[in-house]
Amino acid sequence: MVELLRQAWAVARKDLLLEFRTRTAIVSAAVFAALVLMVFNFGRDPTAVATIDLAPTILWVTFTFAAMLALNRAFQLELENQALEGLLVSPLNRTSLYWGKLIANLAFVAVVEAVGLPLFVLFFNVPVWHVLAPLVGVIALATLGFVAVGTLFSALVVRTRFAELLLVVILLPFLVPPLMGAVQLTARLFGGRPLSEVVGYLKLLAAYDIVFVSLASILFRFTVDE
Amino acid sequence: MVELLRQAWAVARKDLLLEFRTRTAIVSAAVFAALVLMVFNFGRDPTAVATIDLAPTILWVTFTFAAMLALNRAFQLELENQALEGLLVSPLNRTSLYWGKLIANLAFVAVVEAVGLPLFVLFFNVPVWHVLAPLVGVIALATLGFVAVGTLFSALVVRTRFAELLLVVILLPFLVPPLMGAVQLTARLFGGRPLSEVVGYLKLLAAYDIVFVSLASILFRFTVDE
Amino acid sequence: MTLAQRGRWITLVALALLGAVYVRALMFTPLERMQGAAQKIFYIHVPAAIWTEGAMILLGLAGILFLFLKDPRLDRFAEASAEVGTVFATIVLTTGPLWGKPIWGTWWTWDARLTSTLFLFFLYVGYLLMRGAVREPGLRARYAAVLGVCGMFLVPFIHLSVFLFPTLHPQPIILKPSAPSLPGTMLETWLFSLGVFTLLYVGLVTQRYAVSLLREARQTVGGDHA
Amino acid sequence: MLWAEGLRHAFGRVVALDDVSFSLTPGQTLAIFGPNGAGKTTLLKVLAGLIRPQGGTARVDGGRRAIGWIGHQSHLYGHLTVLENLLFWASLYGVPAARRRPRAGEVLARLAMTDRSDQPVWSLSRGLVQRAAIAKALMHDPGVLLLDEPFTGLDLAAAAEFRALLAELRGAGRVLVLATHNVDEGVELSTHVAFQRRGRFVHFAPRGGRGAAEIAEAYRRAMTDG
Amino acid sequence: MLWAEGLRHAFGRVVALDDVSFSLTPGQTLAIFGPNGAGKTTLLKVLAGLIRPQGGTARVDGGRRAIGWIGHQSHLYGHLTVLENLLFWASLYGVPAARRRPRAGEVLARLAMTDRSDQPVWSLSRGLVQRAAIAKALMHDPGVLLLDEPFTGLDLAAAAEFRALLAELRGAGRVLVLATHNVDEGVELSTHVAFQRRGRFVHFAPRGGRGAAEIAEAYRRAMTDG
Ligand code: HEM
Ligand SMILES: Nc1ncnc2c1ncn2[C@@H]1O[C@H](COP(=O)(O)OP(=O)(O)OP(=O)(O)O)[C@@H](O)[C@H]1O
Ligand SMILES: Nc1ncnc2c1ncn2[C@@H]1O[C@H](COP(=O)(O)OP(=O)(O)OP(=O)(O)O)[C@@H](O)[C@H]1O
Ligand SMILES: [Mg+2]
Ligand SMILES: [Mg+2]
């Protein structure tokens, strides 16, 4: 177990180091987030639409894109560097590879979200401070779920011929539950509703996370081994 | 001139053939569009927000993303295939290369828009049929402008160290005028306003297209030649 | 006197004169009726804004000349102009909100003028980032020139956007198609200030130009390459 | 030890492995010669566990951890330095943390790459990348080395040094499998020789006392008849 | 004809070209030998116009259209078939439409690739890709061939055939420049021989009657002293 985690960390560390060197993905995701927020801003007729009604959707559209960008990179990076083959011939435990990629992806998405959230507050003037803690919790729960599934799928498709295409297509149905839950929860939070009203959604997110993180950890090795 | 266009067509044809073989970019862009639209659909509280107020923004967020994906691919494709160097040592006229890439990018974005628009109508129940012709015109005008600039810039950054990142960063300011114009125009069209009200925006888009298509055609050769 | 020293002197003189502008503005120029003392910031805000746009136009012109003459001095000037333009854009983006808080009751809103200025700032940042991303000096100069020329052509679109889009920000009083509409003493003070900012621009650019000369000299000797 | 038993593999209609069986004990070196497309790379990939053969089995004593692989891809991350790459791979192969740096130092010194260790891999010339890839494969002192045209791009001095290194490894009881076109390079090192053609081993025997010229002649005969 | 005059180029601190001058007339072949990192590839890239040297000039009679380039990258699109690739490149090099197919047939037959012509390039083995890359470079019957380790991956038969082809081309008045590590392969073809070391031509002379062994000896001496 310690060895598993150590190796996972080696993989994650290398990904983060590469990202730190090039900053490609993180900055483009952050700028992408800014772009989405900006476009919303221009498009919106402030007299017609109250910000608060739109805010949850906008927030989650932004975060979903950032996450998709991250996932696309995770294995693409190995291909570009001709290193995927190297990982596969190495004795690296497949579960470690999965966890390593998951950690790197989560770190990545977390940074983008950490950049996106303040921008969001700035652009849309939504008062989040009083619900910050639960909001961060919701973001973390939802993100964990779909990044876990996405990491699995990105390994699944990376060696097929239509990798990017397939990733989006097969991931789509899996995005629905966490995304719906997250949007509804965020809307309730912004609306200042009592916590009791949202327990159902929280359970949904938590169940999704538990099921899919375990499932993906188990299934991952079948995606990379011949 | 005939030779220029013939070569441009050779480049565009090759790009489209490759895309047709793999369908990577086009399908992922289309699915992406579906994803955005879906997320909006779930997130929206129909009692609180009237669809029509949001529609222009949503439409343009979707299209902008599709275009960004296309642009990212245009030169990435050459790099992946190790063929960019080959194009550069070839006697291919640089203006032809630009036009070829521009044609392929436009074709690509047009297909995504052609898929996205019906989906949009389906999801959001916006009555577009009576404004279809002008709407298509607006889409074409706005798309031409930013794809023209984007194609130029993607050549500019492709050999720099942080290509993707830089593309998004330097393209962003150039997206503002066409995007703002397009959103406003679309809103007016959906709102059933008279055409006279929107002439200013149309002029803006047209001017932008003329200026930047010519400029990019002239400047392109400086981006690839030593 | 070296170039750097000359630049420093011009800058110092300009700063001293800026003091004089404020003496004149505070003591000898009438208070604006609606805005009171807050309006005094006008004498920095507007000249800085004009030179933000001006610096971009000059660097674009230098870019055009560079592409034909291949004179490295033009590239050095463009770089200097970009750095100074960034400083001026920062000034506009700080004085604007300072002024906006008492007048509009908010630091920032997302209307066309403010946003387009922000994006002009981004354009400068992107321009400088790109210069940093290309190592080879010849290539860097050419790429920078291409982006600079595009930036120059973007400025009119940004400048004119206020006429098209609903905005909170005052419409142009001075740089507009019809004659300036500003009371006499205010106009005089303002023109004085514009002259001072012009001097400041010249001084700062001279200094930056000298710095890049020094850096190049050091590099050809074989020193720092990182 | 290394066993291959009745290996068969076809890509569509192309037969890449056809009933290949052999086994090697410590200290033995197999040199495989064969025309382009004969299936040499496919065989090595099967031995490394990268391809699961459609028929037959392959086994390597000690599993993945015991294998060192030098193939057409470098398995190096372009934006990491040579040293960083070596440390990363060493950690995946379970080299104790304290041993990694000294080991990297040894291997790099042996390949005359010490002065390049802090250079990012993308800035290396082709032959230098090949040396770095060799260093990577040797970091964990593998018991079985799978070498697919490992001399590609090496200059005369480096090739001689690498040949000497391989002879030492063989002497130290390592198992080597070498696919190459250069009879001179291959024969000298080998204890066994195989000729592969359309996936089949048309010849497999201990080298005995045969020299390069004799083997080359036998190879030519094996390829022309039938 | 091909001229190089005082070529200098450095990547940061690494000197890749140092005052290289020579010229070749039709029918002459220059073989360049040099250790890894000597600057051979850089020189060929400068001759092909891929890198603008920091000092000196290089010129090729007939410009880009006259150059055939075989380098480390194949310049082939993986998802197109071999034939489609050849037709595309031929069209860029201005080969008349009616000549393209017959020419592709000839070249492929010569390289024993006829049966592979409808296979997508991604499914070829390394040596077969190299043959396809050679075919691509010969499609437009170039006057000047720049060959960077062109024998890489070729099997014995293909290498012999390609050597014969190059000898024919030389006889037909083509200019060849060949960078290689294999003295046996290089010398046989050459009329001139150069040894490159740290960017400098430490030796440049007509081959005269010298054979491979003599050249190899001279090379060894040139590399060890100083
Ligand atoms: C909050 C950030 C602000 C930004 C980014 C900003 C930006 C600009 C820019 C770019 C210009 C130059 C326009 C031109 O070239 O003609 C300008 C001019 C001007 N600004 Fe602002 N501004 C801001 C806030 C304000 C505020 C709060 C006021 C006062 C209510 C104000 C009053 C003016 C005036 C009077 C002009 C002169 C217009 C002209 O004569 O052209 N600005 N501003
Ligand atoms: N992924 C693949 N899909 C389809 N065909 C393949 C694939 N990989 C290899 N092949 C085919 O299998 C055959 C054997 O390929 P392999 O790479 O093993 O040859 P090789 O002996 O290594 O040749 P070379 O000397 O050129 O490297 C070739 O005809 C090749 O085209
Ligand atoms: N883009 C680059 N950035 C930085 N350094 C580079 C770059 N390209 C080449 N170099 C360096 O320049 C030197 C010469 O490289 P070049 O590829 O010309 O060598 P070469 O003679 O072809 O070597 P090889 O025999 O290994 O192919 C090497 O030290 C290499 O590391
Ligand atoms: Mg092979
Ligand atoms: Mg080389």
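None of these values were measured; they are calculated from a predicted model.
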Q | Which of Leu154(C), Val149(C), Ile64(C) touches chain B most, by non-hydrogen pairs under 4.5 Å | A | Leu154(C)
Q: Determine the option with the most heavy-atom pairs under 4.5 angstrom with chain B, choosing from Ile158(C), Leu67(C), Leu123(C).
A: Leu67(C)
Q: Tell me, yes or no, whether the heavy-atom count around Arg73(C) atom CZ, taken from other residues, nucleotides or ligands under 6.0 Å, exceeds 12.
A: no
Q: Measure the CD-OG distance between Glu53(C) and Ser116(C) for me, rounded to the nearest 0.5 Å.
A: 8.0 Å
Q: With a 4.5 angstrom heavy-atom cut-off, could you sort out which part of Phe212(B) is near chain C: side chain, backbone, both or neither?
A: side chain
Q: Check the angle between the aromatic planes of Phe220(B) and Tyr98(B) and answer parallel, tilted or perpendicular using the 30° and 60° thresholds.
A: tilted
(Q) Using only atom types and a distance under 3.5 Å, with no angle test, would you say the side chain of Arg94(B) pairs donor to acceptor with the backbone of Leu88(B)? (A) yes
Q) What are the residues of residues 137-151 of chain B, in order of number, with any heavy atom under 4.5 angstrom from a heavy atom of chain C? A) none
Q: For Arg131(C) and Tyr127(C), test the side chains for any donor-to-acceptor distance below 3.5 angstrom and give the result as yes or no.
A: yes
Q) With Phe122(C), which residues qualify under ring pair (Phe, Tyr, Trp, His ring centres under 6.0 Å), at least two apart? A) Phe119(C)
Q) Tell me, side chain or backbone of Leu215(B) under 4.5 Å from chain C's heavy atoms, or both, or neither? A) side chain
Q. Nearest 0.5 Å, what's the NZ-CD1 distance between Lys203(B) and Ile210(B)?
A. 12.0 Å
Q | Part of Leu152(B) within contact of chain C (heavy atom distance under 4.5 Å) | A | side chain
Q. Are Trp51(C) and Phe88(C) close enough that their ring centres sit under 6.0 Å apart?
A. no
(Q) Need one label for Ala207(B): side chain, backbone, both or neither, based on atoms under 4.5 Å from any heavy atom in chain C. (A) both
Q: Look at the side chain of Tyr143(C) and the backbone N and O of Thr223(B), then say whether any donor-acceptor pair between them is shorter than 3.5 Å.
A: yes
